[in-house]
Amino acid sequence: MMSAAQSQSVRTGRITRTFIYVFLLVASLFYLLPFFIMLVNSVKPLSEITGGNMMALPQVFTLEPWAAAWSSAQVGVEPTGLRPYFWNSIKMVVPAVFISTVLGALNGYILTKWRFRGDTILFGLMLFSCFIPFQIVLIPMARILGILGLSGSTYGLILVHVVYGIGFSTLYFRNYYAAFPTELVRAAQIDGAGFFQIFRRIMLPSSGPIIVVCVIWQFTNIWNDFLFGASFASGSGAPMTVALNNLVQSSTGVKEYNVHFAGAILAALPTLLVYIVAGRFFVRGLMAGSVKG
Amino acid sequence: MGFLDINNVTKSYGAVEVLHKVDIAVEEGEFLVLVGPSGCGKSTLLNMIAGLEDITSGEIGINGRVVNGVHPSNRNIAMVFQSYALYPNMTVGQNITFGLEMHGVPKPERDKAMNDVAKLLQIEQLLDRKPGQLSGGQRQRVAMGRALVRDPDVFLFDEPLSNLDAKLRVDMRTEIKKLHEKLKTTIVYVTHDQIEAMTLSTRIAVMYEGYVQQLGTPKEIYDTPANLFVATFMGSPAMNIMNAKVVMKDGRPHASLVTSEGGEALLPFSQDNMSEWDDKEVLLGIRPEAITDPDGADRKSSNVVALENRIIVTEPAGSDTFVTTNLGGKDVISRLRADVPVSAGEMFGFAVNMEKAVAFDPATEKRIEG
């Protein structure tokens with residue numbers, strides 16, 4: 001693996017190499033600095049932040065702000081911490097990611113292996129949903145959720161995110177399955193496998209990389225979404241991002257910056273975790289099909 | 001009424017008809033090869049037999065049952081694909097038994113069938129491997145195993161050897177032929193390789209532009225091609241086609257050709273009815289092996305004539321030497337024995353076996369029946 005990577009890299013001189021390393025170092029510092037500040041200030045008592053340097057390392061190390069952000073901080077009017085909203089987000093993200101990925105895979109399978117008249121046009125129309133700005137659909141969506149009786153509920157948010165996610169997940173799976181040999185589907189047909197059997201036994205087991213890409217993409221987008229969460233779920237049904245906003249905006253008493261920092265990290269943690277666990281498959285999945293072997 | 005009956009079958013995509021009224025009756029145990037250049041409709045026809053493509057009009061019957069509209073899995077056929085189409089996520093064993101599993105065959109029976117087939121094809125040691133770990137020849141065997149295990153009425157092969165390297169292709173060709181002789185199954189085999197067609201088949205259907213140009217045994221196709229296309233498509237090197245004029249001499253029809261020196265060569269036809277073409281232009285077709293050195297000529301032939309001509313190029317191929325000359329206004333390839341001393345620029349005395357010569361009508365390009 002290492003030798004292969006080395007043999008592929010372009011030979012460079014010492015000066016160029018030094019420049020590259022310095023540049024990379026500066027770039028990573030630039031990106032890591034905000035995270036560093038958040039981390040450092042989330043483990044300080046409030047007095048150290050208000051009384052001094054944000055860049056300084058904590059003189060007294062405390063996990064108090066983390067505990068507060070998680071379970072006792074004032075979010076809106078209730079002192080619940082972010083915990084219930086964290087679970088709200090999980091309850092929204094997991095089904096939404098699962099459903100939109102499965103539907104995307106089915107769509108991709110149909111659009112490539114069960115071609116019908118006008119399938120490319122249909123696919124083109126589905127791609128539109130990738131480019132429609134969120135704001136445009138807010139009011140129609142609110143109306144539909146109202147008609148369905150799902151306003152203000154987690155189910156409503158799941159529906160919204162599934163509808164929005166299908167465009168992207170279909171795009172991923174269609175392009176992945178376009179390179180998948182159709183002869184395999186035909187062989188399975190002759191072997192007597194039906195529509196869903198082919199999907200489950202032949203297509204899905206070969207879709208690992210693209211499933212990872214799709215899950216990471218959907219998870220990150222849905223978890224980080226604020227607009228839909230703020231618009232369609234209010235009060236105790238709000239997702240993490242909205243709760244974080246409410247935590248920071250709560251105007252009772254002093255601003256507890258250390259709690260805010262801890263809360264923000266808590267809100268970002270799941271997406272970070274998904275990247276760390278599945279990140280290396282992400283690039284592999286995006287590259288799948290483009291490189292042989 | 002054959003075992004596999006292709007009755008007046010056509011295929012259209014929109015307004016474009018790609019297969020025109022194909023009529024083939026295949027007997028049980030026959031090895032039919034559909035051969036033709038790319039785009040001739042041979043794979044489309046195969047897919048229609050398999051049920052992977054709809055039939056626009058006409059009927060296909062398998063074992064006395066019309067299968068139009070019947071799902072591929074219910075036609076009792078098995079297919080070997082060009083890319084082998086092995087399921088990459090399953091082991092060889094699972095690949096072979098997938099079809100049986102889908103048809104609800106219980107596991108003990110599946111395992112028995114799998115072991116029998118694995119033994120027959122000598123792939124027992126591969127059963128637990130994934131297709132990705134196999135060589136091309138091994139994948140080919142597994143693909144055949146997957147077809148064999150179903151014990152179908154008809155086997156369909158879609159260019160199964162075209163992904164193999166040259167040597168392996170010849171080996172596998174022999175294997176397929178052996179297998180057919182052992183199992184006596186009915187096979188429809190698609191290829192663009194005329195040597196595969198000749199060696200494997202009991203009958204060949206030569207296809208071009210959506211028409212079956214000729215249907216017959218390999219010998220019929222080779223010796224009496226129905227038209228110019230079949231004549232030039234089958235055989236390697238291709239049949240030589242020369243411009244000739246029919247003249248009568250001593251009461252027999254002769255082909256008059258211009259030699260490389262500008263003179264006239266008179267080659268007597270074996271077919272007496274060529275006299276009806278007296279004084280008319282025809283296209284004379286002679287295969288390379290029928291224009292050879294005098295010692296290599298067919299001793300059983302009653303109509304071998306001598307012909308002096310100048311050699312343009314010699315191509316020693318090891319087993320034979322191919323020599324190009326100019327005759328009847330065309331470059332003509334002749335096939336000499338390997339050790340005949342010839343060199344470019346020389347005059348050489350060829351022996352032409354006119355018993356094997358055929359003539360074509362220049363207008364219709366059809367063979368003139370003799």
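Being a predicted model, the structure only gives us computed values, none of them experimental. Quick note: numbers below take in every heavy atom, side chains included, and nothing from hydrogens, waters or symmetry partners. Convention: sequence-line order gives letters A, B, ...; per-chain numbering from 1.
- In this structure, the portions of B/Gln82 lying under 4.5 Å from any heavy atom of chain A include both its backbone and its side chain.
- Around the CZ atom of A/Phe116, the shell of radius 6.0 Å holds more than 12 heavy atoms that belong to other residues, nucleotides or ligands.
- Residue contact with chain A, scored on non-hydrogen atoms closer than 4.5 Å, involves the side chain of B/Asn47 exclusively.
- In the displayed structure, B/Glu124 atom CD is contacted under 6.0 Å by more than 12 heavy atoms of other residues, nucleotides or ligands.
- In terms of modelled atom types and a separation under 3.5 Å, the side chain of B/Tyr87 and the main chain of A/Arg201 share no donor-acceptor contact.
- The neighbour count for A/Phe195 CZ, taken as heavy atoms of other residues, nucleotides or ligands under 6.0 Å away, is above 12.
- With a threshold of 4.5 angstrom between heavy atoms, A/Gln189 approaches chain B through its backbone and through its side chain.
- Checking side-chain atoms of A/Asp191 against main-chain N and O of B/Met102 turns up no donor-acceptor pair under 3.5 Å.
- Put simply, the side chain of A/Glu183 never gets that close to the backbone of B/Phe81: no donor and acceptor are under 3.5 Å apart.
- When heavy atoms are compared at a cutoff of 4.5 Å, B/Leu100 does not approach chain A at all.
- Enclosure of atom CZ in A/Phe123 by more than 12 non-hydrogen atoms of other residues, nucleotides or ligands within 6.0 angstrom is indicated.
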Check against side-chain contact (heavy atoms from CB on, under 4.5 Å), B/Arg75 and A/Ile190: CA-CA 9 Å; B/Arg75 295 186 175 204; A/Ile190 289 177; over 6 Å; no

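- Between chain B and the residues A/Pro205, A/Gly194, A/Pro181, A/Gly192, the largest count of heavy-atom pairs under 4.5 Å involves A/Gly192.
- By the 6.0 Å contact criterion, CD1 on A/Ile147 is enclosed, its count of non-hydrogen atoms from other residues, nucleotides or ligands being greater than 12.
- For B/Asp165, the CG atom sits in a packed shell: over 12 heavy atoms of surrounding residues, nucleotides or ligands are nearer than 6.0 Å.
- Each of B/Met79, B/Arg150, B/Met90, B/His71 has some count of heavy-atom pairs under 4.5 Å with chain A, and the biggest count is that of B/Arg150.
- By the 4.5 Å heavy-atom criterion applied to side chains, A/Leu184 and B/Ser83 are not counted as neighbours.
- Of the listed residues (B/Pro88, B/Ala78, B/Ala85, B/Ala147), the greatest number of heavy-atom pairs within a distance under 4.5 Å of chain A belongs to B/Ala85.
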